[in-house]
J.: 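Sharing a structure below in structure tokens format, with a few things to ask.
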Amino acid sequence: MKYAAISDIGLKRDKNEDNWNIILDKEGNPVGFIIADGMGGHFAGEEASRIAVEEISSMVLDCVAQNPTPETIQKVLTDRILEINNKIMQFSNDKLGGLESGTTLSVGVVSNNCLYIAHIGDSRVYCIRDNKIIRLTQDHSYVAELIKDGIISSDEAVNHPNRNRLTRALGFKENFMPDFYTFPILPGDVYVFCTDGLYEDVDDQKILDVVNTEPRQTVAKRLVEMAKEHGGNDNITVIVAWM
């Protein structure tokens, strides 16, 4: 697989609380894609997302090197995410006087021609295949629950006053465990990992259009530019990986 990534503060925030990483094996092939969007007060969000990305990064390469089964990957990720959650809460207690800090976390592990995803929060992973865009993850957010229950439409969710309210995130005593997904990787696939700073300003169809028209190496950069052209209301982080 090949990849490109970019993170931008956007136009309305005074700091970037997103963090990301790409894990490479000894041959330089990407075996892990990680993205996190922090939340909290002064420095709290960026520290929470930094802790999550650093801690999950340290186990991805070791995990993949063991040629693991899907069950092993899920167990290793679950155990590490539990540790990360405790570390973020400890940071909040030690450094923030008990003020809450939290983060989303979406991790993609490449093994045995599959993409194994652990996902908490409202960052997203997309697959573009056969000229169609498929969202591989489900948002853990208040508006996502409203849409699921048929209370509001997807269009209404875009401007909903509680659109940034999460129902699951790291850094809290409850509601921090991930969803897991497994997808076969096929020739021609393009995968997009992003924080909500992208998709709140650039809808799925526009993401698909950029993937279909831009050179692969410049897709991430162009998507960030588009988000800023449409307001740049949040930090914007995009990882693009392709076969």
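The structure displayed is predicted, hence computed values, not measured ones.
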J.: Got a second to check how far L170's CG is from I56's CD1, nearest 0.5 Å?
T.: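 If we round to the nearest 0.5 Å, L170:CG and I56:CD1 are 8.5 Å apart.
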J.: Whether the side chain of D139 engages the backbone of S141 through a donor-acceptor N/O pair (distance < 3.5 Å, no angle test) should be reported.
T.: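 Checking the backbone N and O of S141 against the side chain of D139, no donor-acceptor pair under 3.5 Å is found.
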J.: When you compare the side chains of S92 and S101, does any donor N or O come within less than 3.5 Å of an acceptor on the partner?
T.: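 Judged by distance alone, the side chains do pair up.
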J.: Will you find, in the side chains of N212 and N131, an N or O donor that is under 3.5 Å from an N or O acceptor?
T.: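 Yes - a donor-acceptor pair under 3.5 Å links their side chains.
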J.: Remaining members of I35's ILVMFWY cluster at a side-chain heavy-atom cut-off under 4.5 Å?
T.: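 Same cluster as I35: M1, Y3, W20, I22, L24, F33, V110, L115, I117, V125, I134, L136, Y181, F183, I185, Y191, F193, I239, M243.
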J.: Among all residues two or more places apart in sequence or in another chain, which pass the salt bridge (charged side-chain N to carboxylate O under 4.0 Å, His left out) test with D209?
T.: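 Scan of D209 (salt bridge (charged side-chain N to carboxylate O under 4.0 Å, His left out), adjacent residues dropped) gives none.
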J.: Report, as yes or no, whether the 6.0 Å neighbourhood of atom CG on D94 holds more than 12 heavy atoms from other residues, nucleotides or ligands.
T.: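 Counting neighbours around CG of D94, more than 12 heavy atoms of other residues, nucleotides or ligands fall under 6.0 Å, so yes.
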J.: Distance alone, cut at 3.5 Å: any donor-acceptor contact between the side chains of T237 and D18?
T.: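 Yes.
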J.: Could you work out, with salt bridge (charged side-chain N to carboxylate O under 4.0 Å, His left out) as the rule, every residue matching E83, not counting sequence neighbours?
T.: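 Per chain and number, E83 pairs via salt bridge (charged side-chain N to carboxylate O under 4.0 Å, His left out) with R80.
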J.: Any chance you could measure E54, atom CD, to I84, atom CD1, to the nearest 0.5 Å?
T.: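 So the CD of E54 and the CD1 of I84 are separated by 10.5 Å.
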J.: Would you please say whether a donor-acceptor pair under 3.5 Å links the side chains of S57 and N21?
T.: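 A pair is found: one side chain offers a donor N or O, the other an acceptor, under 3.5 Å apart.
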J.: Can we say E46 and R50 salt-bridge, meaning some charged N sits less than 4.0 Å from an Asp/Glu carboxylate O?
T.: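 Salt bridge: no.
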J.: Apply salt bridge (Lys or Arg N to Asp or Glu O under 4.0 Å) to residues R124 and D196 and explain how you reach the verdict.
T.: CA-CA 7 Å; R124 289 182 179 177; D196 62 344; over 6 Å; no
J.: Going from CG on N19 to CD on E47, what distance comes out if it is rounded to the nearest 0.5 angstrom?
T.: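 Interatomic distance, N19 CG to E47 CD, rounded to 0.5 Å: 8.5 Å.
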J.: Considering all heavy atoms of both residues, which atom of D189 and which atom of P184 are nearest to each other, and what is their separation?
T.: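 So the minimum-distance heavy-atom pair works out to OD2-O, 3.9 Å.
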J.: Does V107 offer a backbone N or O that forms a donor-acceptor pair with the side chain of H119 under 3.5 Å?
T.: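 Here the side-chain-to-backbone pair does not exist.
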J.: Quick one: CD on Q74 to SG on C63, what's the gap to the nearest 0.5 Å?
T.: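 Rounded to the nearest 0.5 Å, the CD-SG separation comes out at 11.5 Å.
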J.: D62: what forms a side-chain hydrogen bond (donor to acceptor under 3.5 Å, both in side chains) with it, not counting sequence neighbours?
T.: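 For D62, no residue satisfies side-chain hydrogen bond (donor to acceptor under 3.5 Å, both in side chains) once neighbours in sequence are set aside.
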J.: Testing V109, V76, I23 one by one against M59 for a side chain to side chain contact (heavy atoms under 4.5 Å, CB included), which residue passes?
T.: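 Only one option passes, and that is V76.
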J.: Name the one of D201, D234, D8 that satisfies salt bridge (Lys or Arg N to Asp or Glu O under 4.0 Å) with K228?
T.: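 Among the candidates, only D8 passes.
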J.: Consider only side-chain N and O atoms of H140 and T167, and report whether a donor and an acceptor are under 3.5 Å apart.
T.: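 Note: H140 and T167 side chains miss the donor-acceptor criterion.
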J.: From E17 CD over to T104 OG1, what is the distance, rounded to the nearest 0.5 angstrom?
T.: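 Here the rounded value is 11.0 Å.
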J.: Kindly indicate whether the side chain of M177, heavy atoms from C-beta on, has any atom under 4.5 Å from the side chain of T78.
T.: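 The answer is yes; the side chains approach within 4.5 Å.
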J.: Starting from the C-alpha separation in whole Å, work towards a yes-or-no answer on salt bridge (Lys or Arg N to Asp or Glu O under 4.0 Å) for R222 and E229.
T.: CA-CA 10 Å; R222 180 62 191 135; E229 289 168 3; 3.0 Å; yes
J.: For S49 and T103, which I'm curious about, is there any donor-acceptor pair between the side chains at under 3.5 Å?
T.: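 S49 vs T103: no donor-acceptor pair found between side chains.
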J.: Output the rest of the hydrophobic cluster of M89: all Ile, Leu, Val, Met, Phe, Trp and Tyr residues reachable through side-chain heavy-atom contacts under 4.5 Å, sorted by chain and number.
T.: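 For M89, no cluster forms, as it stays isolated from other hydrophobic side chains.
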J.: Look only at the side chain of N235 and the backbone of K15, and say whether a donor-acceptor pair between them is shorter than 3.5 Å.
T.: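 Such a contact is found between N235 side chain and K15 backbone.
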J.: Does the pair L166 and Y142 meet the rule for a side-chain contact (heavy atoms from CB on, under 4.5 Å), with working shown?
T.: CA-CA 6 Å; L166 298 184; Y142 178 68; over 6 Å; no
J.: Between A169 and F176, what is the shortest heavy-atom contact and its length?
T.: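 Result for this residue pair: O-CB, 3.3 Å.
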J.: Y199: which other cluster members, linking ILVMFWY side chains closer than 4.5 Å, directly or transitively?
T.: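 Other cluster members: I6, Y126, I128, I133, V190, V192, L198, V202, I207, L208, V210, V211, V219, L223, V224, M226, I236, V238, V240, W242.
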J.: side-chain contact (heavy atoms from CB on, under 4.5 Å) between I73 and L77: does it pass, once the steps are laid out?
T.: CA-CA 6 Å; I73 292 174; L77 285 169; 3.7 Å; yes
J.: Would you name the heavy atoms of G32 and V60 that are closest together and state the gap between them?
T.: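 G32 and V60 have their closest heavy atoms at CA-CG1, 3.9 Å.
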J.: What distance do E55 atom CD and I81 atom CD1 have between them, rounded to the nearest 0.5 Å?
T.: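 It comes to 12.0 Å.
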J.: Can you list the steps and then say if D179 with T137 is a side-chain hydrogen bond (donor to acceptor under 3.5 Å, both in side chains)?
T.: CA-CA 8 Å; D179 289 337; T137 55; over 6 Å; no
J.: If you measure only the distance, is there a donor-acceptor pair under 3.5 Å linking the side chains of S123 and S106?
T.: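 Their side chains do not contain a donor-acceptor pair, so the 3.5 Å distance test is not met.
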J.: Is there a donor-acceptor pair under 3.5 Å between the side chain of N85 and the backbone N or O of F172?
T.: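 Yes, because the side chain of N85 sits within donor-acceptor range (under 3.5 Å) of the backbone of F172.
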